[in-house]
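Working notes, structure below.
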Amino acid sequence: MDVLSVLGLTSLLALVMVLGESLFNSRVVGRLGAALFFFHGCLRQLASFLPSAYLHRAETWGFWKQIAFVNQRHLPFAVGIFLLVLIFLIDWYRRRSSAKSFLFSGLLVAAVPLWNASVFLAVAVVVFCLLVAYGLWWLSRVKTLPVLGRVLAGAFTACILAAGVIDLSAVYKSSRVEVNYETDSLVYGLVFRRSVIYKIPDSFPAGVVREGSSKAPVTAFEGGHGSGKGQFDNPRGIAIDGAGNMFVADTDNGRIEKFSQNGTFVTSIGPFEAPSGIAIDRAGNIYVAEVGSKHRIQKLGPDGTFIAQWAPGLYGPRKITIGPDDSIYVVDSGDNRIVKFSLAGQVLASWGSAGTGDGQFRGVSSVAVDPTNKVYVADPMNSRIQVFDSNGKLLAKWSIPEWAQPLGFEELAVDPDRSRLYASSAHMSVILVFDLQGNRLETVTPTPPDKLDGPLALALAKDKLFVLHTASARVSAIVLQSK
């Protein structure tokens with residue numbers, strides 16, 4: 001994996017040099033542009049003239065930090081293909097008689113499915129670095145300031161590269177980089193992953209990890225921060241199977257923990273890379289959304305054995321739910337869309353994009369489906385829930401003014417028995433309750449002295465609503481009123 005990452009980044013830098021030389025007929029510009037791209041952390045300040053929305057997305061996806069290209073090796077490969085197209089199109093434009101460049105760039109366009117907004121934004125960063133390199137090269141060649149121009153160009157270049165070296169040092173200081181998930185923009189954009197090595201004893205069954213600690217496990221309702229049995233590290237998802245067993249996506253421990261109905265620890269399944277969403281079908285199969293660098297869905301059997309994996313261009317799969325017709329709905333948060341799958345992993349539908357209009361999302365965080373196959377999507381930064389049919393046609397919008405705060409991890413759950421929809425946010429101390437027409441009915445909380453402590457995920461089982469807390473790393477059960 002490390003070799004592929006190094007090759008991808010090295011190839012990308014070589015293409016940046018070629019593009020710079022093609023655009024400005026100068027090897028100096030190409031080489032300097034590649035250096036600035038690799039050490040470009042402080043150029044974020046020079047890009048302040050960009051529209052705030054684009055600058056924010058650049059920061060969110062981490063393109064001002066080299067680690068984004070080191071950890072996400074698919075990104076430099078996709079950007080490299082884009083740069084190849086630009087290089088060959090420039091060659092064709094200048095020669096006009098060269099059909100090879102035009103045809104070859106046309107073949108590369110077949111890689112368009114690899115290109116999304118993040119790739120286009122990364123290419124914009126490349127071009128920006130080349131423009132800065134050209135400006136420094138021009139300054140060094142100004143005839144009216146033969147000495148001063150070179151001194152200024154050299155000083156600016158040295159400062160930019162020095163700041164970039166400082167930024168890059170974080171990649172090499174340790175095997176992983178610790179971040180505060182509540183404030184780090186890379187986590188918010190679902191680009192960052194923690195590089196953790198999990199050691200699994202050979203004697204354990206495939207796909208199942210059983211901790212050998214002599215310490216008695218705690219229940220899911222006790223929880224607590226840690227890596228022991230029943231403990232959690234930044235848990236993100238919860239699901240209940242047909243027998244009432246509880247499954248929790250223990251994200252930063254890279255595992256799924258299974259508990260009985262009364263919260264007793266049963267086993268752990270893993271390892272995974274940053275498991276975020278989890279769902280269980282009628283047959284007991286387990287579906288896990290991995291964020292990290294994999295950006296995929298894994299399907300496991302009821303015993304945790306691997307069945308299949310899907311990764312059809314997902315970028316930040318966050319949450320999963322299964323509809324009454326057995327369709328699987330995935331929140332693809334990096335692309336602000338919902339993707340609908342069959343149980344076999346075939347893409348049935350996809351809708352959504354970034355924005356504030358109808359059918360668009362800002363920070364899409366959760367999806368739920370009612371018995372009539374209506375799809376409810378949490379659109380938190382737009383302070384609303386959007387309701388669609390199963391093919392993505394917009395049916396209604398519900399306003400939730402309490403939302404619109406970053407990193408709220410807003411969650412939805414449909415109660416088919418009571419015809420209710422529950423909505424939470426990590427910033428709220430209550431769970432909102434709606435009927436399925438969008439009328440707000442009430443709020444619910446656990447029985448005192450228990451209280452909500454950063455509610456992050458919801459799951460329903462008969463007469464109880466289970467709430468996963470991010471702050472205290474535990475599960476609460478809210479007893480629901482009779483039908």
Rounded distance [0.5 Å steps], [atom1] in [X] versus [atom2] in [Y]:
X    : Y    : atom1 : atom2 : value
N234 : T470 : CG    : OG1   : 5.5 Å
I328 : Q346 : CD1   : CD    : 12.0 Å
D415 : K462 : CG    : NZ    : 13.5 Å
F272 : T251 : CZ    : OG1   : 11.5 Å
K319 : D332 : NZ    : CG    : 14.5 Å
L458 : Y422 : CG    : OH    : 10.0 Å

### Message
Pair V375, W351 - check side-chain contact (heavy atoms from CB on, under 4.5 Å), show working.
### Response
CA-CA 12 Å; V375 182; W351 68 88; 4.1 Å; yes
Which heavy atom in [X] sits nearest to a heavy atom in [Y], and how many Å separate them?
X    : Y    : value
I431 : S424 : CD1-CB, 3.5 Å
H469 : D453 : ND1-N, 2.9 Å
N336 : G363 : OD1-N, 3.1 Å
V218 : G223 : CG2-O, 3.6 Å
F221 : A477 : CE2-CB, 4.3 Å
E411 : S366 : OE1-OG, 2.9 Å

May I ask you to test the [X]-[Y] pair for a side-chain heavy-atom distance under 4.5 Å?
X    : Y    : value
R420 : F434 : no
L460 : I240 : no
V126 : C129 : no
D252 : D250 : no
Q386 : R384 : yes
Q298 : I286 : no
L452 : P446 : yes
K464 : I478 : no

Please confirm whether the backbone N or O of [Y] pairs with a side-chain atom of [X], one donor and one acceptor, at under 3.5 Å?
X    : Y    : answer
E257 : G230 : yes
H225 : D233 : no
S333 : G316 : yes
D241 : N245 : yes
D335 : R337 : no
K299 : L343 : yes
H427 : E410 : no
N253 : R255 : no

### Query
Is there a side-chain hydrogen bond (donor to acceptor under 3.5 Å, both in side chains) between Y376 and D370 once you walk through the steps?
CA-CA 8 Å; Y376 303 81; D370 72 12; 2.7 Å; yes
Classify the side-chain pair [X]/[Y] by whether it contains a donor and acceptor separated by less than 3.5 Å.
X    : Y    : answer
S390 : N373 : no
S476 : D450 : yes
D281 : Y287 : yes

### Task
Any chance you could lay out the side-chain contact (heavy atoms from CB on, under 4.5 Å) test for S365 and R318, step after step, and finish with the verdict?
CA-CA 7 Å; S365 62; R318 185 186 182 100; 4.3 Å; yes
### Query
Any idea how F265 and F259 line up, ring-wise: parallel (<30°), tilted (30 to 60°), or perpendicular (>60°)?
perpendicular
### Task
Please say which of V367, T321, V347, I297 ends up in a side-chain contact (heavy atoms from CB on, under 4.5 Å) with V330.
I297
I'd like to know if [X] pairs up with [Y] as an ion pair, taking the criterion as any Lys NZ or Arg NE/NH1/NH2 lying under 4.0 Å from an Asp or Glu carboxylate oxygen.
X    : Y    : value
E402 : R440 : yes
K397 : D358 : yes
R362 : D379 : no

### Trace of the side-chain contact (heavy atoms from CB on, under 4.5 Å) decision for L421 with L412
CA-CA 7 Å; L421 181 137; L412 303 177; 3.9 Å; yes
### Verdict with supporting geometry, D389 and K374, salt bridge (charged side-chain N to carboxylate O under 4.0 Å, His left out)
CA-CA 5 Å; D389 68 13; K374 287 183 180 178; over 6 Å; no
### Task
Show the numbers, then the answer: is there a side-chain contact (heavy atoms from CB on, under 4.5 Å) between V467 and V475?
CA-CA 6 Å; V467 184; V475 176; over 6 Å; no
